[in-house]
Amino acid sequence: MTTSIDSRVDVEVDDDDVHELSAELLRDPGRPGYWVYLLVGVAFGVVLTKGEAISWFRIQEMFRFQGFHMFGIFATALPTAIAGVQLLKRRWRRTLGGAPIVVPPKHLGSGVRYAAGGTIFGLGWALTGACPGPLFALLGSGVTTMTVAIASAMLGTWTYGRLRHRLPH
């Protein structure tokens with residue numbers, strides 16, 4: 001698929017190139033600094049913490065079907081995310097730095113990679129007692145043992161990046 005990265009460049013983009021393109025766009029000195037992302041991340045962490053989405057008790061309660069709290073969070077997060085992405089695609093088609101928002105199409109293929117990825121994700125969640133999303137919020141709220149989970153997540157991400165071309169499609 002050919003897409004315009006900005007008004008000066010047209011490039012051929014596939015699923016594997018999106019991360020490299022994002023990194024290139026972030027290196028442009030005219031783009032917003034990393035502090036913007038840090039502030040958004042801190043705000044997200046505060047919301048997760050105050051909403052008890054990082055609570056081990058709430059996660060256990062969800063998996064044992066003993067409470068609605070986490071299911072309620074998911075039930076509001078999904079339609080909010082869908083509406084937000086659609087709004088970004090239709091109205092605000094550029095990032096804060098001016099780059100176009102590109103959401104590459106996903107090809108399900110045999111589904112093996114999604115089943116394997118979901119299994120690994122679930123095992124990691126079960127072993128740590130935390131979804132990867134709020135790991136930094138947990139660390140920020142004083143759960144220092146999450147440094148092991150963060151290091152493991154980073155190692156897993158690096159490993160995937162190195163092996164993704166050899167994995168089943």
Side-chain angles (χ1 to χ4, degrees), residues 14-27 31-82 84-85 88 95-97 101-104 106-169:
D14 67 9
D15 290 344
D16 293 332
D17 293 332
V18 172
H19 300 293
E20 286 84 4
L21 291 171
S22 298
E24 286 299 318
L25 291 172
L26 290 174
R27 288 189 195 111
R31 306 283 182 215
Y34 287 122
W35 62 269
V36 173
Y37 302 105
L38 178 65
L39 290 176
V40 170
V42 168
F44 182 62
V46 168
V47 169
L48 286 176
T49 303
K50 293 296 184 183
E52 297 182 4
I54 66 170
S55 166
W56 182 85
F57 171 76
R58 291 293 186 187
I59 293 169
Q60 181 186 35
E61 181 182 64
M62 174 187 66
F63 283 126
R64 292 183 174 189
F65 299 103
Q66 294 174 335
F68 182 74
H69 188 86
M70 292 298 287
F71 292 115
I73 289 174
F74 294 147
T76 56
L78 186 60
T80 302
I82 290 169
V85 169
L88 284 172
T95 65
L96 294 175
I101 296 172
V102 178
V103 181
K106 296 291 180 189
H107 306 286
L108 292 179
S110 67
V112 171
R113 62 190 291 183
Y114 294 104
T119 301
I120 293 168
F121 178 86
L123 287 172
W125 194 350
L127 290 172
T128 61
C131 176
L135 288 179
F136 286 102
L138 283 161
L139 182 62
S141 65
V143 184
T144 57
T145 56
M146 285 299 133
T147 54
V148 174
I150 291 169
S152 299
M154 292 173 72
L155 178 62
T157 302
W158 179 84
T159 302
Y160 171 76
R162 299 287 292 175
L163 300 176
R164 73 176 173 222
H165 297 294
R166 293 187 223 145
L167 297 173
H169 290 22

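Throughout, residue positions are numbered sequentially from 1 according to the sequence presented. Below, all heavy atoms of this structure are taken into account, side chains as well, without hydrogens, waters or symmetry copies.
Minimum interatomic distance between T76 and I73 (heavy atoms only, all atoms of both residues): OG1-O, 3.0 Å. Taking both residues in full, the closest heavy atoms of I59 and A53 are given as CD1-O, 4.2 Å, listed atom of the first, atom of the second, then distance. When all heavy atoms of S141 and I54 are compared, the pair lying nearest together is OG-CD1, 3.9 Å. Closest non-hydrogen pair, M146 versus L138, comes out as CG-CB, 3.7 Å.
Classification of the F71-F65 ring pair by plane angle, with boundaries at 30° and 60°, yields parallel.
Checking side-chain atoms of H69 against main-chain N and O of G51 turns up a donor-acceptor pair under 3.5 Å.
Listed by first and then second residue, the side chain to side chain donor-acceptor pair (under 3.5 Å) pairs that reach into residues 38-54 are E52-R58, sequence neighbours excluded.
Residue L38 holds its CG atom at 11.0 Å from CZ of F136, rounded to the nearest 0.5 Å.
For Q60, there are no side-chain hydrogen bond (donor to acceptor under 3.5 Å, both in side chains) partners at least two apart in sequence or on another chain.
With a 6.0 Å radius and a threshold of 12 heavy atoms from other residues, nucleotides or ligands, F121 has its CZ atom above the threshold.
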Side-chain donor-acceptor pairs under 3.5 Å in residues 149-156, sequence neighbours left out?
residue, atom, partner, partner atom, Å
S152, OG, V148, O, 2.9

